[in-house]
Amino acid sequence: MKRLSTLVRIAIVCVMVISSILVAASSAQVSTPESVPYPDGYREWMHVKSALITPQSRGFKRFGGLHNIYANAKALEGYRTGVFADGAVIVADFLETQEKDGDISEGKRRFIDVMQKDSKRFAQTGGWGFEEFSSDSKTERTLTNPTKECFQCHTTKQESGFVFSSMRK
Ligand code: HEC
């Protein structure tokens with residue numbers, strides 16, 4: 001009888017552990033934003049601009065290195081008109097730098113940051129979906145809270161459609 005009650009107790013503990021794992025998994029799914037797809041072929045899109053974030057910058061830890069920004073055709077139209085239509089995608093490609101004989105060139109990819117315009121799906125974040133893919137991976141997403149990690153800063157650019165960069169004439 002004692003053995004049976006021990007077994008029952010073990011069973012109850014197992015059920016509790018499994019159900020808490022399931023609850024954690026399902027709540028993780030709820031908090032995950034609707035996904036922004038990997039922007040295949042973005043290096044063939046229009047180049048918007050490049051910038052180098054050096055160790056002297058406050059943003060170095062997070063955004064340090066060289067970054068290039070690319071726009072698909074719809075986003076390009078947005079840069080020109082100031083209005084970004086649904087379907088616009090912008091990619092910021094963050095790379096390490098490497099130096100050889102005084103020449104600085106692109107090093108390894110750190111991550112890519114993506115913004116995709118879909119005013120219905122992403123109504124909560126200015127109509128933009130935010131995503132980050134690690135290194136060269138097309139599947140490894142790094143964000144847990146895009147509103148906090150991305151939008152809260154981009155929201156300061158509301159007057160230009162939540163987009164910081166502009167294209168040089
Ligand atoms: C602390 C502020 C800040 C945070 C946080 C931030 N960004 Fe940005 N983002 C910027 C700035 C500033 C630029 C413009 C960089 C330039 O002009 O070279 C930019 C540029 C971009 C661009 C190119 C379009 C544009 O707005 O110029 C994309 C895409 C982008 N960010 C995505 C993201 C994603 C995804 C996240 C979250 C992982 C994120 N950003 C977090 C400040 C931020």
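Read the numbers this way: they start at 1 and go in the same order the structure lists the ligands and their atoms. Nothing here was measured: the structure is a model prediction, and the numbers come from that model.
Here the two rings, on Phe84 and Phe162, have centers that are 6.0 Å apart or farther.
Applying the side-chain hydrogen bond (donor to acceptor under 3.5 Å, both in side chains) rule to pairs touching residues 150-169 yields Tyr79-Ser165, sequence neighbours excluded. Within the structure, side-chain hydrogen bond (donor to acceptor under 3.5 Å, both in side chains) contacts touching residues 63-75 (residues at least two apart or in different chains) are Arg43-Tyr70, Ser50-Asn68, Asn68-Glu106.
With sequence neighbours left out, Asp118 forms a side chain to side chain donor-acceptor pair (under 3.5 Å) with no residue at all.
Ring-plane geometry between Tyr38 and Phe133 is classed as perpendicular, the angle between the planes exceeding 60 degrees on a 0 to 90 degree scale with a lower cut at 30.
Taking every heavy atom of both residues into account, Val36 and Gly129 meet most closely at CG2-C, 3.7 Å.
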Sub-3.5 Å pairs, protein N or O with ligand 1 N or O:
{"from": "ligand 1", "atom 1": "7 (N)", "to": "His154", "atom 2": "NE2", "distance (Å)": "3.0"}
{"from": "ligand 1", "atom 1": "9 (N)", "to": "His154", "atom 2": "NE2", "distance (Å)": "3.0"}
{"from": "ligand 1", "atom 1": "17 (O)", "to": "Lys49", "atom 2": "NZ", "distance (Å)": "2.7"}
{"from": "ligand 1", "atom 1": "18 (O)", "to": "Lys49", "atom 2": "NZ", "distance (Å)": "2.8"}
{"from": "ligand 1", "atom 1": "18 (O)", "to": "His67", "atom 2": "NE2", "distance (Å)": "2.6"}
{"from": "ligand 1", "atom 1": "26 (O)", "to": "Phe164", "atom 2": "N", "distance (Å)": "2.8"}
{"from": "ligand 1", "atom 1": "27 (O)", "to": "Phe164", "atom 2": "N", "distance (Å)": "3.3"}
{"from": "ligand 1", "atom 1": "27 (O)", "to": "Ser165", "atom 2": "N", "distance (Å)": "2.7"}
{"from": "ligand 1", "atom 1": "27 (O)", "to": "Ser165", "atom 2": "OG", "distance (Å)": "2.5"}
{"from": "ligand 1", "atom 1": "31 (N)", "to": "His154", "atom 2": "NE2", "distance (Å)": "2.9"}
{"from": "ligand 1", "atom 1": "40 (N)", "to": "His154", "atom 2": "NE2", "distance (Å)": "3.0"}

